[in-house]
Amino acid sequence: MSPEERFQAIVDAEEKIEPTDWMPDGYRKTLVRQIAQHAHSEVIGMQPEGNWITRAPSLHRKAILMAKVQDEAGHGLYLYSAAETLGVERNDLQELLHLGKHKYSSIFNYPTLSWADIGAIGWLVDGAAITNQVMLTRCSYGPYARAMVRICKEESFHQRQGYELLLRLCRGTDQQKAMAQDALDRWWWPSLMMFGPVDSDSPHTEQSMAWKIKRVSNDDLRQQFVDMTVPQADYLGLEVPDPDLRWNEERGHYDFGEIDWGEFWRVVQGNGPMNRDRIEHKTRAWDEGAWVRKAAGAHAAKRARRVA
């Protein structure tokens with residue numbers, strides 16, 4: 001049996017590929033691309049929420065938001081660590097991100113204009129992330145799958161926090177409910193775009209599914225999210241901003257309108273509302289934190305010498 005056949009046999013048997021196992025170059029490259037993009041998204045995703053920490057309406061809400069932003073940093077750490085098991089250095093991944101050669105989720109290139117946006121991100125963005133990431137706990141690559149178990153548990157908590165925030169607003173004043181509706185209006189379509197292009201336009205889906213890196217197609221994940229989220233919007237008393245949205249009894253799913261893929265590709269290609277701001281902020285933070293990394297490295301080296 002060739003190395004390729006042995007590798008695919010392990011995958012087909014629902015066993016895990018580990019860092020010391022032989023793997024095709026394409027499998028390794030696909031994982032590096034996907035895990036790095038995921039890690040970058042967690043770190044960049046701290047920005048749209050982090051800028052509301054000082055403006056949270058109460059100490060209670062401030063503590064919740066701070067904890068959530070810290071969780072996202074932790075998710076980035078798990079994922080960069082998983083990527084390193086594939087033979088790449090996180091510093092190199094950071095450089096590729098700063099140079100615009102690596103992508104992160106398009107959703108984080110939209111601004112957070114009101115406090116209700118924090119709830120919408122938790123409910124919609126984290127809800128979409130959970131829909132996409134639960135299947136990754138069964139990814140064929142062991143370190144990635146194991147990292148996703150904890151990440152999904154924490155993202156689920158974030159989703160409930162966001163929904164609870166919006167529920168409070170919707171049960172508050174007319175102005176507060178209007179703020180919640182405005183947030184839904186602005187975040188609904190970008191959230192649907194999070195699942196990526198339609199399957200026929202996605203160059204990676206078929207191979208990723210054969211390798212069991214990915215388990216469900218983009219279109220099926222998007223449908224799952226719509227079916228899950230629309231009843232939640234109804235309970236909030238909010239209207240999903242899609243005139244074509246309706247329940248299809250024959251299909252057993254919601255039909256929904258056409259996504260503006262032109263907008264999606266503009267954002268992915270770096271021309272979204274906040275693309276430049278996000279990368280400039282990330283690069284500045286990286287440069288200003290150089291002394292911390294240097295000190296941590298020196299401390300680790302000193303400890304290693306003592307142990308030796």
Side-chain angles (χ1 to χ4, degrees), residues 11 26-27 29-42 44-45 75 79 82-83 102-110 120-121 123-141 144-145 147-148 151-152 155-156 159 187-233 240-242 244-248 251-272 275:
V11 171
Y27 180 81
K29 290 177 181 177
T30 297
L31 281 168
V32 169
R33 175 188 58 79
Q34 181 169 325
I35 298 174
Q37 179 173 317
H38 193 166
H40 298 331
S41 299
E42 297 286 357
I44 295 291
H75 297 172
L79 292 165
H102 266 190
K103 304 295 185 184
Y104 55 89
S105 179
S106 61
I107 194 75
F108 299 120
N109 290 309
Y110 292 87
I121 289 175
W123 172 37
L124 298 175
V125 176
D126 293 331
I130 294 165
T131 305
N132 188 48
Q133 293 171 9
V134 165
M135 68 169 180
L136 295 175
T137 63
R138 298 186 294 118
C139 172
S140 60
Y141 188 59
Y144 192 21
M148 291 312 305
I151 290 174
C152 284
E155 293 288 11
S156 180
Q159 193 268 350
W187 289 93
W188 175 255
W189 292 108
S191 296
L192 296 192
M193 296 175 195
M194 280 182 67
F195 297 98
V198 296
D199 295 327
S200 59
D201 293 334
S202 178
H204 306 292
T205 294
E206 185 176 354
Q207 183 61 75
S208 290
M209 292 183 72
W211 282 331
K212 299 190 178 181
I213 296 172
K214 189 180 179 76
R215 298 282 183 151
V216 185
S217 71
N218 295 349
D219 291 339
D220 287 344
L221 288 169
R222 194 167 9 250
Q223 185 68 66
Q224 287 179 26
F225 175 73
V226 172
D227 290 346
M228 172 186 71
T229 307
V230 171
Q232 296 172 353
V240 173
D242 180 358
D244 296 322
L245 182 70
R246 58 183 51 84
W247 177 254
N248 187 319
R251 292 178 59 235
H253 296 287
Y254 282 95
D255 293 334
F256 54 94
E258 181 66 26
I259 294 171
D260 183 353
W261 292 113
E263 176 184 342
F264 171 78
W265 290 114
R266 283 194 300 274
V267 175
V268 168
Q269 292 164 6
N271 298 310
N275 286 70

Participant: Distance check, rounded to the nearest 0.5 Å: Tyr144 atom OH versus Gln133 atom CD?
Facilitator: 7.0 Å

Participant: Taking all atoms of both residues into account, what is the closest heavy-atom pair of Glu155 and Asp126, and its distance?
Facilitator: OE1-OD1, 3.2 Å

Participant: Holding to side chain to side chain donor-acceptor pair (under 3.5 Å), I want the full list of residues that pass it with Ser217, two or more places apart in sequence or in another chain.
Facilitator: Asp199, Asp220

Participant: Measure the CD-NE2 distance between Glu42 and His75 for me, rounded to the nearest 0.5 Å.
Facilitator: 6.0 Å

Participant: What pair of heavy atoms forms the shortest contact from Gly257 to Asp242, and how long is it?
Facilitator: N-OD2, 2.7 Å

Participant: Can you give each donor-acceptor pair under 3.5 Å made by side-chain atoms of residues 222-230, sequence neighbours left out, with the distance rounded to 0.1 Å?
Facilitator:
| from | atom 1 | to | atom 2 | distance (Å) |
| --- | --- | --- | --- | --- |
| Arg222 | NH1 | Leu192 | O | 2.9 |
| Arg222 | NH1 | Gly196 | O | 2.9 |
| Arg222 | NH2 | Gly196 | O | 3.1 |
| Arg222 | NH2 | Asp219 | OD1 | 3.1 |
| Gln223 | OE1 | Arg251 | NH2 | 3.0 |
| Gln223 | NE2 | Asp227 | OD1 | 3.0 |
| Gln223 | NE2 | Tyr254 | O | 2.9 |
| Asp227 | OD1 | Tyr254 | N | 3.0 |
| Asp227 | OD2 | His253 | ND1 | 2.5 |
| Thr229 | OG1 | Phe225 | O | 2.7 |

Participant: Going by side chain to side chain donor-acceptor pair (under 3.5 Å), name the residues that satisfy it together with Tyr110, two or more places apart in sequence or in a different chain.
Facilitator: Glu263

Participant: Taking all non-hydrogen atoms of both residues, which atom of Ala145 and which atom of Cys139 are closest, and how far apart?
Facilitator: CB-O, 3.6 Å

Participant: Quick one, Ile130 and Cys152 - any side-chain contact, counting heavy atoms below 4.5 Å?
Facilitator: no

Participant: Go through the steps to decide whether Leu31 and Trp211 satisfy the test side chain to side chain contact (heavy atoms under 4.5 Å, CB included), and finish with yes or no.
Facilitator: CA-CA 10 Å; Leu31 281 168; Trp211 282 331; over 6 Å; no

Participant: Counting C-beta onward and ignoring hydrogens, is there a side-chain heavy-atom pair between Trp123 and Trp187 closer than 4.5 Å?
Facilitator: no

Participant: Please work out which of the three classes, parallel, tilted or perpendicular, describes the rings of His102 and His40, given edges at 30° and 60°.
Facilitator: tilted

Participant: List for me each residue that meets ring pair (Phe, Tyr, Trp, His ring centres under 6.0 Å) alongside Trp261, sequence neighbours excluded, and say none if there are none.
Facilitator: Phe264

Participant: To the nearest 0.5 Å, how far apart are CD1 in Ile151 and NE2 in His38?
Facilitator: 5.0 Å

Participant: Could you pull out all residues at least two apart from Asn248 that satisfy side chain to side chain donor-acceptor pair (under 3.5 Å)?
Facilitator: Asp255

Participant: Which pair of non-hydrogen atoms, one from Ser105 and one from Ser41, has the smallest distance, and what is that distance?
Facilitator: N-OG, 2.7 Å

Participant: Return the CD1 to CZ distance between Ile259 and Phe195, rounded to the nearest 0.5 Å.
Facilitator: 9.5 Å

Participant: What is the distance from atom CD of Gln207 to atom CD1 of Ile213, rounded to the nearest 0.5 Å?
Facilitator: 8.0 Å

Participant: Donor-acceptor pair, Asn109 side chain versus Gly270 backbone, under 3.5 Å?
Facilitator: no

Participant: What pairs with Arg138 under salt bridge (Lys or Arg N to Asp or Glu O under 4.0 Å), at least two apart in sequence or on another chain?
Facilitator: none

Participant: Could you check whether any side-chain N or O of Arg246 sits under 3.5 Å from a backbone N or O of Asp244, counting only pairs where one atom can act as donor and the other as acceptor?
Facilitator: yes

Participant: Rounded to the nearest 0.5 Å, what separation is found between the CG atom of Asp260 and the CH2 atom of Trp189?
Facilitator: 9.5 Å

Participant: For a 4.5 angstrom cut-off between non-hydrogen side-chain atoms, does Met148 reach Leu79?
Facilitator: yes

Participant: Could you report the tightest heavy-atom contact between Trp265 and Pro197, atom names first, then the distance?
Facilitator: CZ2-CB, 3.8 Å

Participant: Any side-chain heavy-atom pair from Lys214 and Asn132 closer than 4.5 angstrom?
Facilitator: yes

Participant: Compare every heavy atom of Leu136 with every heavy atom of Gln34, then report the nearest pair and how far apart it is.
Facilitator: NE2-CD2, 3.5 Å

